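For ligands, and for the atoms within them, numbers begin at 1 and follow the listed sequence. The basis for the numbers below is simple: all heavy atoms, side chains too, and nothing from hydrogens, waters or symmetry mates. Just so we're clear, the structure is a prediction, and the values are computed from it rather than from any experiment.
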Amino acid sequence: MKITIINGPNLNLLGVREPGIYGNRRFEDYLESLRRQYKGVAEIEYFQSNVEGLLIDELHRTGFECNGIVLNAGAYTHTSLAIADAISAIPAPVVEVHISNVHRREPVRHHSMISAACAGVIAGFGLDSYRLAIEALLAMPLTADCKK
Ligand code: DQA
C-alpha cells in the first residue's frame with residue numbers, strides 16, 4: 001500500500017511555528033517515526049509546498065498511482081476551489097487532516113472548501129491526526145482503479 005502525505009503552506013515550519021497550536025515537533029522527525037511504525041504495511045511518501053499550484057501538481061501526479069492521500073492543505077483548506085477540483089479529479093481517496101481543531105478556532109477556519117471532495121476529515125489530534133488518517137485509509141476497501 002502506497003500512501004502520500006501532502007502538506008501545504010507553512011507546514012514546513014512545524015516545530016517552530018506557533019508551538020502552542022501546532023506543537024514543537026518537526027514534521028520530518030514525526031515522519032520518520034510514522035515510517036518506522038508502518039514498515040511492511042504502508043510505504044509513505046511525503047511532499048510539502050507553500051505554492052498552491054505545486055500542491056495541485058502533486059495531487060495530479062500521485063493521485064493516479066498511490067492508494068491514498070493524506071492532505072493537510074493548511075490555509076488553502078479554507079480558500080481553494082482549485083484544490084477541491086484537483087481532489088475530485090483523481091481516483092485516490094484523500095483524507096483531509098488538520099493538526100489543530102479548526103472548529104475551536106477563528107470562524108474563518110470553520111469552513112473547508114475541500115471537505116466535500118474528500119473521503120473524510122480528521123482534525124484536532126495534533127500530529128497524531130496524520131496517523132489516524134493513515135489508519136482510515138488502511139481500513140478502506142481497495143477498488144480496482146488506482147488499487148485504492
Ligand atoms: C491547519 C489549520 C489551518 O487553518 C491553518 O491555516 C494551517 C494548519 C492545521 O493543521 O491545523 O496552516 O491546517
Requested in this report: Of the side chain and backbone of Asn72, name the one, both, or neither that has a heavy atom under 4.0 Å from an atom of ligand 1.
Outcome: side chain

Query raised in the report: Using 4.0 Å as the upper bound for N to carboxylate O, is an ion pair formed by Arg26 and Glu32?
Result: no

Requested in this report: Assess whether atom CZ of Phe125 is packed by more than 12 heavy atoms of other residues, nucleotides or ligands within 6.0 Å.
Outcome: no

Query raised in the report: Quick one: do the Thr77 and Glu96 side chains pair a donor with an acceptor below 3.5 Å?
Result: no

Report task. Give a yes/no verdict on a cation-pi contact between Arg17 and Tyr22, requiring under 6.0 Å between NZ or CZ and the six-membered ring centre and an angle within 45° of the axis. Result -> yes

Report summary line: The closest protein heavy-atom partner of atom 8 (C) of ligand 1 is Tyr22 OH, 3.5 Å

Query - Among Ser100, Ser112, Ser129, closest by any non-hydrogen atom to atom 11 (O) of ligand 1 - result: Ser100

Query raised in the report: Is there any N or O on Arg17 that sits under 3.5 Å from an N or O of ligand 1?
Result: yes

Requested in this report: With heavy atoms of Val102 as the reference, note each atom of ligand 1 found under 4.0 Å away.
Outcome: 2 (C), 4 (O)

Report task. Please work out whether any backbone atom (N, CA, C, O) or any side-chain heavy atom from C-beta onward of Arg109 is under 4.0 Å from ligand 1, and answer side chain, backbone, both or neither. Result -> side chain

**Report entry** Protein heavy-atom partner closest to atom 1 (C) of ligand 1 - residue, atom, separation in Å
**Finding:** His98 ND1, 3.7 Å

Report task. Give a yes/no verdict on whether any heavy atom in Asn10 is under 4.0 Å from an atom of ligand 1. Result -> no

Requested in this report: Considering only non-hydrogen protein atoms, determine which one is nearest to atom 4 (O) of ligand 1 and report residue, atom name and distance to 0.1 Å.
Outcome: His78 NE2, 2.7 Å

**Report entry** Whether His103 and His110 hold their rings parallel, tilted or perpendicular, with breakpoints at 30° and 60°
**Finding:** tilted

Report task. Write out the residue and atom name of the closest protein heavy atom to atom 9 (C) of ligand 1, then the distance separating them to 0.1 Å. Result -> Ile99 N, 3.3 Å

Query raised in the report: What part of Ile21, side chain, backbone, both or neither, has a heavy atom within less than 4.0 angstrom of ligand 1?
Result: neither

Query raised in the report: Do we see a donor-acceptor contact under 3.5 Å between the side chains of Tyr38 and Glu135?
Result: yes

**Report entry** Rounded distance (nearest 0.5 Å) linking atom CD of Glu58 with atom CD1 of Ile6
**Finding:** 5.0 Å

Query - Any N/O pair Leu11/ligand 1 closer than 3.5 Å - result: no

Report summary line: Output for pair (Asp85 CG, Leu59 CG), nearest 0.5 Å, gives 11.5 Å

Requested in this report: Answer yes if the side chains of Asn50 and Tyr76 hold a donor-acceptor pair under 3.5 Å, and no otherwise.
Outcome: no

Query raised in the report: So, does Thr77 sit close enough to ligand 1 that a heavy atom of it is under 4.0 Å from the ligand?
Result: no

